[in-house]
Every structure is written in C-alpha cells, then in structure tokens.
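Input: a single structure, listed below in structure tokens.
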Amino acid sequence: MSRPARFFSDVLMPSSDSKLQPHRDAGAWPGLIESLSVEAILVLISTWMGRNLRRRLDPEDLWQETLYCAWRDRDQHEWTDLPAYRRWILGIAKNRVREASTRMRALKRGGGEAPRSLATFEEGPEGSRSPAEFLPPHTVTPSRIAALRERRLAIETSLQRLPGEYREALRLRLFEQRSLKEVAGELGVSLATAKKRVYLGARLYRQALKEVLSRTPGTGEGEE
Amino acid sequence: MRDGGRPERLYDLFDRFLDSRFRGGSFEERELEDLDPEEVREFRSTARILEDLYPEGPGGSAIAGFRILGEIGRGGMGTVYLAEQEGLGRKVALKVLSPSLALSNRSRQRFLAEARALARLKDEHVVSIHEVFEAGGVLAYAMEWVEGKSLRRILEGFRNLGLSARDVTLADLARELGIEEKRLEARTPLQFWLRVGVSIARALEKVHEAGIVHRDVKPGNILIRRDGRALLADFGLARTGEETLSGSSGFLGTPVYAAPEQLRADSREETRIAGGKEGDRREGRGKRVDSRADLYSLAVTLFEVVAGRPPFRGASPEAVLLKILNGRGERLRRVAPHLPRDLETVLEKAGNPNPDARYRTAGEFADDLERVLHLEPIRARRPGILRRGLRGIRRNRRSFLAAGCGALLVFGAFQAWNYKEARERRRAATSAALRHRAHLELLRPEVRNATWLDLSRGKVRASAFAKAQGFRQRALAFYGEALDLHDRPRVRQERDALDFVLHLPEYSGRPVEAGELRERYPSLGAIHPIVLHTLTGATRDPVGEEDPNPRFMPVRLNFGSREDGGRADRLDRARVWGLLGFLAGARRICEDSWKALDLVESDLPFLDVALAQIYRDDGRPALALQRMQAAISKFPDLEYLKLDLAGIAIELEDRRKAEQVLESLGSRVRNGLRWRVLKARTLALSDPGAAWEVLSSFRGPMGRDPEVRYARAEIAFLLGDSERTVKECRALLENEPHATKVRLLLAKAALGLGLADLYLDQVRYAIRMKFGRFRSLGESRDLLDILQVGGLRRLYEAATKLRSRPGSRGLVGVSEAFWRTWFPGATKEELEAELLREIR
C-alpha cells in the first residue's frame, strides 16, 4: 500500500538517527508490528485486563485499538530502536486496558457506555468512518485474529501451569522485555534470584507449551 | 535439569542471551564451550523459547561469514546488527541494506565502488569499514564495532536528566560516556566539544580528500568512544539520488542538519569535491552539492551540542524548512550567551547558507576550531557593520589613524572591563547552576528515603545508605565546582554542612569540641551543643538499627539572646543548624530551627521540602500543602514532590486537586506504583468500591507493597469490611511495628469487630511507647486517638490536658508512672485488666 508523499511531516522531524521513521511507513509497518511478537503482547494485555474485563472484551479487541492508536499517533514517537518502539506500543496497550476498565465500571454504575470491540465500529452510525479504515493492511483480517487468539490461549494456558513467582518473572523479562534489574526490582528480589526464576520459568514454560500444543489439533508445532 | 553443578552459569548465560536479543548486548556461541554436553542441550532447548515467541528474529542466523548476535537499530535504509566475524572472532556492526530499496544495477555498482573507497580510508576519527559485500541479493558492509555512544544518545541522556547545555558539567559528561573524567582531556565541557569538532572536521578533511562526501553529518553519526575519542560513522553510501531510493526527491539525509543546497538538490545531481583534486568530477552533469555541505552539517551539529538545541526552530515542519532554506537560523549567543563570541563567528561561517561563504575546506574549519579551543585569534571574520566600517577606515587611513588611536585606547579599556564583567556574570551564573545541581542531588528520593523515611523507622538498608552517600558525594562535588567559580557564603555553608554530615561516622562515640569544628568549618559558626550531641550521638551506622534513634529527641534550641549577636546572627544559626538537621535526618533539629525561620527566610532551598514533610507528619495537611506547592515551584522537575502533593490533597479530601496533580505528571511517573495507588485513593474519595476493585487487581509483589496494603486497609474500613482491615494492618505491622497510623486503623477495626483483646494490644502499645521517642506530633495524636476511639475517656482527657500544657508535646514527657496514678499501686496485670473493663 502506498501512501501520499508527506515530505514535510515525514522527513522534517529533527533528532532522528534513522534516515526515515520506519513506524510511519505504511509499507514497512506491518512487518514491524509482527517483529514485536504480537502473541506476547496479547498475553500481556490479557494479564492486565483481569477476569472481569475479559468477560466483556477479548484481548484481541484491545490489541486492535492499540494498533489503531499507534498508527494514528505515529508522529508522536521518534524512532530510536525496536525495543523503544515496543515499549511505546505496550504503553498504549496499557492505556487502552485502563480506559476499557473505566468504561466498564462506569457502565456498572449506570453511566457510560459499554466497551465496544473494534469490530463493532464497522457497524457504526451512518457517516462515521470506521477506525479500520485508518489501519494499514495485514492487521485486521479475521483469520489473522483467530490465529492470534489460538496462539495466545495456548501461551496463557502454559503460563498458568507455572508457579506464580516463575510466571511473573518470565512475563516481565520475556514478554515485557524488561531488563533483569527492572525485573528484580519489580519482584523485590536479588538479581541472582531473578535470573534463576527467569531461566527456570523459561524451562517450565517450554515444557508446558509442548504439552499444551500436543493436545491442540492443527497447531502445526513440530517436536524439538 | 542438573542439580548442583553450575546452574548459576546457565542462568547467567541465558540472561545474557536474552539481553543480546532484546538490548543488543553481547553473547557468543563459544561461551557454551565451557558447559558439558547435557548442559548445552538444556541451554539450547530453553533458548528456543525465543523462537516460540519471536520467530522471525535474526538471532542465530548468519550472513556471508558474519554471525548475527543481535539487532542494534533499524532505519529506513536498512538494519544494523551486532555480528561476529567467523574465523576472526571479532565483533562488527553489520549494516544490511533493505532489499526494498531496489537499487538499479548501476546504483549498486556505484555503491560498491564508493564503499570500497571508504574501506581503504584509514583514519583514527573515521569508523572503519572492514568489508563490503553482496550476498543473497542484499548489499551489506561490516563496520568497526565502537563501544561508546552517539552524540544523539548523549544529548538525549542530558535532556532526560533535565540538564540544559549550560548545566552540564564534566562529571555529567563523563558519567554519560561511562568513562573517567580525566579521559575527556578537557577542563570544561565546551573544551571537550571543541575537541570533538576538531576531530570530526579533520576526519572530514581526509574523507573529502578521498573523493567522498558524507552528506549526513549529524549527532547520530558522531560516536564518542569509551576512551573519549570521537569518530565519524555511517556514511550515506546509498546516495545515488535515484528516485527509487528516496521515493520523492533527490534529497537524502536528516533535514535539520542538511545544507540548503542539499534540500534544493536536483534528483539527478551529482557530487563534486570542492577544493579537492581535479579529475574527481563525476559525470559532469550538475555541481550543486559538494563537500562544503558537510561543513554546514557539522556546524549545525556543533551548534546543537554546545547550545542544547539546533539553530532552526519553527511552529511547523514547513516553517523550519523555510528557515533553513533562507538561512535564518538563530545566532549562537542569543541561545547561549555564555559561549565565546569567536565560536559563534566560526560556526556562522561554516554554517553559512551560501556555500561560497563557508570555509573552503574542512581543514580550514578544523584550524579555526582549534584556535577557539586555544584562545588564539581566529581567521574567520564577523560580517556586518564593523567589517564595513573597517573597510572605510582602510580607505581613509590617515584621518582615521589619529582619531582612531585614541578611540581604540578608550574602547580597548572599556572592552577589557566589559569583558571582565561579562566573564564574572557568566561565572556567577554557572556557579548558581552548579549549586542548583547540588540541591537536586540532595533532594533525590533515594537520599530523602534513606535520611528521613527509612531512618525514622530505624532501619536503613546498607545498599540504600551507600547509594544515598553516593549522591551526597556528587552534591559535594557540585558545591566544590560552584565555589571555584564564585565563592558565596551561603554556598560555602551548604557545602561545609554537607561535608560535616558525610564525615559524621568519624565522630561516632566521642565528644566533639565546638572549637574543633569551627576550625574545620568556619562558615558554620558556633554550633549548639545539643545540635552536636544530637548529630554525633547517633553516629552509629544506622544500618541494622531497630530502635528509633536520638535524632528524634525533642530539643529546645536557643538561637542566642540579643547579647549573642543581632537578629541576622540568630537567623544565621537557625539556618545552619536546620541545614545540618535536614542533611543528617535529625528531624527535631531541622524542625525547631526552620520553623523559626518559616515566613522569614527565603533563600533556603530545602526549607519548603522539609517543612512540608514535617507538617504532614504532624497531621497538618493544610500547612503541608502550602509548603509543598512552594517546594514544587522551586524544583519543578522533581516529580515525586508532586506525588507527595497529591497525597496531601487526598488527606485534605480535595479530590479535584489530587486529580489535577496526578494528571499533570509524565508518563514515566504514571506507570509507577505510587501514582497508581494515589489514583486509587483519589477515586476512593468518591467511589470506594471502585477504588477497592483497582487495588485488588494488584497482584504479587505489587499487592504486598506497604502503600498498597495501607490503601486497601483504609478503603476496606470505609466499606465496612473490618476483617479485611485487620488482615491488612496485621501484615503491615509485621514489618513496621511503629507505624502508629496503622495501629490506629487496626484499633478502630478491632472495635468494629468487637475484638477487645486486639484493641487492648494497641492501647498497650500506646501506653508503653517510650515517651520522648515520638517522631512527630502526628504520631502522638494517633496514639491519643487510639485511646479516644475505645471510649477511654478519662485517659484521653487527662492526656489531652497534658498535651495542651505549654511546652508539652502530646504524650511526650509523660512517663509510665503517670498512668499508674490512675490506678495507684496496681501491678501491670491489674492495670491491663482495669483498662479492659474500661473498654467493655
């Protein structure tokens, strides 16, 4: 998909190490998003949502909202490297979860509107533009969403089999890609303990995932 | 999995492996050679978790003899990887150009030819290119791997710390670079930057002589190595101007740093090396952009580095572009008046929008930069009135000579005086900035916690204490630099007070003669014996202490009578003693001294912060709010103060204020636990149920955080769930037995559940507290309230009467014997039984 030349706003942004801002390029964007590990992000979104919100919304819905916001606000982010961009995306995702929680509580108290999945936007009032129109391709196909959901559930099931302390360490280190120091700080343990939990958590997770996938038809996972 | 053996080694390797994937750290396959085969199998199996989650990463793949270790960065032209050259085992930065650039065959040949020319160039200030190759349809080149940072990252680091270009010190620079200060080989940051400018200009000289134009000189492409050396990197090699590369025009590069002629360049323009060798012209079509464009870019880069921002700013990208094209950048000394005029002249010449008005070569530019560095006369001349005037004088020499001589003498003397005044002003301004830096170090939350909060609990972890000491040392260094530039009595007092506090452990266990201190720290004047005793009497290392220390003893300080000196002297003593108390965490000293100065003294930077904390502990949030707002106006960058302000607003039940403050905070703070807890507590003011839901969602270590626990306990109590309140309070008191607020809440909840024994425990605590060891008036109020809520009216009234006596401090000074006057002759058990009857 090509987009109109936006020479000034695309190119005239100071303080840039890269010659272009790849997250603003519609052609490069889908590949960029894929490289963030969408499954891992979905698992994080699911964790942040909590049980109550998950009854009303799927993490995939909030992921779509996240993508929409990330594309809409792409000019607000100055590219430095991929990890920084991922952190920015995760920040957006967290805000989406927070907003969805607020909307749900407002609904419970008798005010506000129910959180709506992005899919429902396409049936919005006449004249309104669907947010899906603003998304680059590759991110909204139903089959893609279904595949992501399946994969996310497998990962979550595997994670649930881990003891809480290992699960938490793994989530922070591997899924949120935090540094070891941040993980240790968050867990309130020493670096050595954090390291151990991450490693053992990874081992247990892999074993659990193998078992889960071996029972799930059509996942196509090979043996080690 | 193996037990025993070396499991820690596996954990360590795995951690580094993850860092190599996520953060560009180093991990080499050969590190597995130390493991035995089973461990290697285990490691590889575990490492496949990354393939599960990040299936398209480059880790483990190789390109043409280079094994990819991790991704460093990604740009529009391609991706840069950290790789290891197989066979040689050396690390390289591998730039792989994007296949999507779709270079034409001719472009690819030119790229390879130019890249090889650059690879032949060997200069200590140019990042070497080891190899250029084509593999599998992509073009790539392997560069020298430089351990260091780009100027871009360094500048961003300073911005993140809230440092302007003027505030940056050599210590900051060395820290940002991760090297020792002496390696900078400069006495000031400006000297260092000038050296960098000279190095890069010399590098450009060599590059231009080799027939190459960089075309993308900017902070991101200038690297500073760990040994302090500057290198020019990342040449814009894909610079053919083909439309397939740019997609729109022939322009490549980062616009703010690009010369106007680059922005205007025709898409089919070719380059010529100006001032270089004849015969280097290529294809002879158009000669618009030449090596002088690099000088322009370097000038803009240096401008940003020394002034803190580029010379072009505008409300929109279009406005910025117009300014660049019209050469309407800001003058250096308008942005940064403290910088030398000569530097402004040199950068204006190199950055002139007209290429013919710039230096002819990079070598000339480097020469003039060196002259600025060594305070020698520069070759570049300032344009404008003076130049025109001098031309006129040259034409009429005789008549101007006589008049001119006298005028010059007067003018010279005036300039010398003016220069001296300006220099003094600059020094004073820099000194003030350094003093402010010292304040910021001392107001770091780590220092505050280790001094005021953790100390009040009687325990400071060794690591926290060491960290706080480190920040105090930094502050001391800033004070030293400030005094070197401009010696002011107040600054000297602050420095000496800090130095004394840092050396307190030396005085541990021995009496200190006031004369000894006066000799060592004359600026502190006479220090009251109580102050000395309070500070030095508790000089045991606070790590590991369980009991509150004597720093919280009540004192009555006498700042001196009229005979001891005038009001100014008394105020000075109060200022100094309070400062000592603040820095050492001797709360009472600080409180007594600075409350006396409240509303009188204005030049006490820490006063507002200290009094805000003191009033808050006293349970006087309205006063605390005023003080905290004043503190924030002095230190607007200390976001944790705003969190405190929000907390105070919540105590005042001012929901609007609390929300306003919380929403004003940046995203970094908003992601923190404290912000979220305060947000929940704000919500609790209107909807405790919703707040409870939010806090209940905190799991794991977050859920066990004391602030979260206390907030949950409070809200549970509001919702009538006393059982939950009891549970949370008990958990809190396990680590914080002296937390009187928690005990009060527990007492209320216990009464609500009819748990008389549990309530009595809190009463017992209130009675048995060692009077005179209260940390604050607020604490004594909490203990009184414990009695009051249980209906122990007689005890409460008696205590209240005592408290209202002039000079009393609540239950302070009331000994246990007093309580027995209510039940004369009673044993401890009888006393307790009597209290139980009172309650029931």
Side-chain angles (χ1 to χ4, degrees), chain A residues 5 7-22 25 27-28 31-32 34-37 39-40 50 52 79-83 85 91 94 101 105 108-109 155 164-165 168 170 173-175 177 179-180 186-189 192 194-196 198-200 202-203 205-206 209 224, chain B residues 1 7-8 10-12 14-15 18-19 22-24 42 45-46 48-50 52-57 71-77 100 150 152 155-156 216 219-221 236 247-249 251-256 310 312 316-318 320-321 667 671 687 690 693-694 697 699-702 704:
Chain A
F7 179 79
F8 296 124
S9 52
D10 281 357
V11 178
L12 269 185
M13 302 303 287
S15 70
S16 165
D17 274 359
S18 56
K19 293 183 176 58
L20 292 174
Q21 301 275 317
D25 175 20
L32 187 63
E34 291 301 315
S35 69
L36 301 179
S37 179
E39 294 94 334
N52 287 338
W79 180 271
T80 51
D81 54 28
L82 193 65
Y85 183 62
K94 265 191 197 160
S101 293
R105 276 200 303 277
K108 268 172 113 173
R109 289 195 296 275
I155 294 172
E165 57 207 23
E168 197 65 24
L170 201 65
R173 185 76 167 111
L174 212 65
F175 289 76
Q177 291 186 12
S179 70
L180 188 74
E186 192 77 23
L187 299 178
V189 300
K195 235 184 265 188
K196 179 179 171 184
V198 168
Y199 181 82
L200 295 179
R203 276 194 63 77
Y205 164 78
R206 266 224 101 222
L209 185 66
E224 189 175 338
Chain B
M1 200 179 312
E8 291 82 14
L10 283 172
Y11 308 154
D12 194 50
F14 188 65
D15 180 65
L18 291 179
D19 266 343
F22 297 152
R23 290 165 186 268
E42 182 188 310
S45 158
T46 309
R48 282 193 62 183
I49 192 176
L50 280 187
D52 292 335
L53 283 174
Y54 304 96
E56 291 171 5
E71 187 178 302
I72 299 169
R74 204 177 269 213
M77 288 301 189
S100 61
S150 70
R152 167 59 45 215
L155 293 175
E156 276 170 7
D216 198 18
N221 287 338
S248 52
S249 75
F251 169 71
L252 293 171
T254 310
V256 167
F312 304 103
S316 65
E318 291 83 353
V320 173
L321 176 64
S667 59
N671 285 334
D687 188 347
E693 273 187 37
V694 171
S697 69
R699 296 267 185 261
M702 272 200 300
R704 292 191 292 272

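Order of the sequence lines sets the chain letters (A, B, ...), proteins ahead of strands, with each chain counted from 1. Note: hydrogens, waters and symmetry copies are ignored here, and every other heavy atom, side chains too, is used.
- The distance from atom OG1 of B:Thr46 to atom CZ of A:Arg203, rounded to the nearest 0.5 Å, is 4.5 Å.
- Atom NZ in A:Lys196 sits 8.0 Å away from atom CD in B:Glu8 (nearest 0.5 Å).
- Remark: A:Asn52 CG to B:Glu693 CD distance equals 6.0 Å, nearest 0.5 Å.
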(request) I would like to know whether A:Val198 and B:Leu18 meet side-chain contact (heavy atoms from CB on, under 4.5 Å); could you show each step before the answer? (result) CA-CA 10 Å; A:Val198 168; B:Leu18 291 179; 3.9 Å; yes
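- A salt bridge between B:Asp19 and A:Arg173 is present, with a side-chain N of the basic residue lying under 4.0 Å from a carboxylate O of the acidic one.
- Between chain A and the options B:Asp15, B:Asp12, B:Val694, B:Leu155, the largest number of non-hydrogen pairs under 4.5 Å is found for B:Asp15.
- For a residue to count as touching a neighbouring chain, one of its non-hydrogen atoms must lie under 4.5 Å from one of that chain's; by this rule B:Asn671 touches chain A with the side chain only.
- Taking CZ of B:Phe22 as the reference point, atom CG of A:Leu82 lies at 10.5 Å (rounded to 0.5 Å).
- Between the side chains of B:Glu42 and A:Tyr199, at least one donor N or O sits under 3.5 Å from an acceptor N or O.
- The distance from atom CG of A:Leu200 to atom CZ of B:Phe14, rounded to the nearest 0.5 Å, is 10.0 Å.
- Checked against side-chain contact (heavy atoms from CB on, under 4.5 Å), B:Ser697 has no partners two or more places apart in sequence or in another chain.
- Partners of A:Glu186 by side-chain contact (heavy atoms from CB on, under 4.5 Å), not counting sequence neighbours, listed by chain and number: A:Leu172, A:Arg178, B:Met702.
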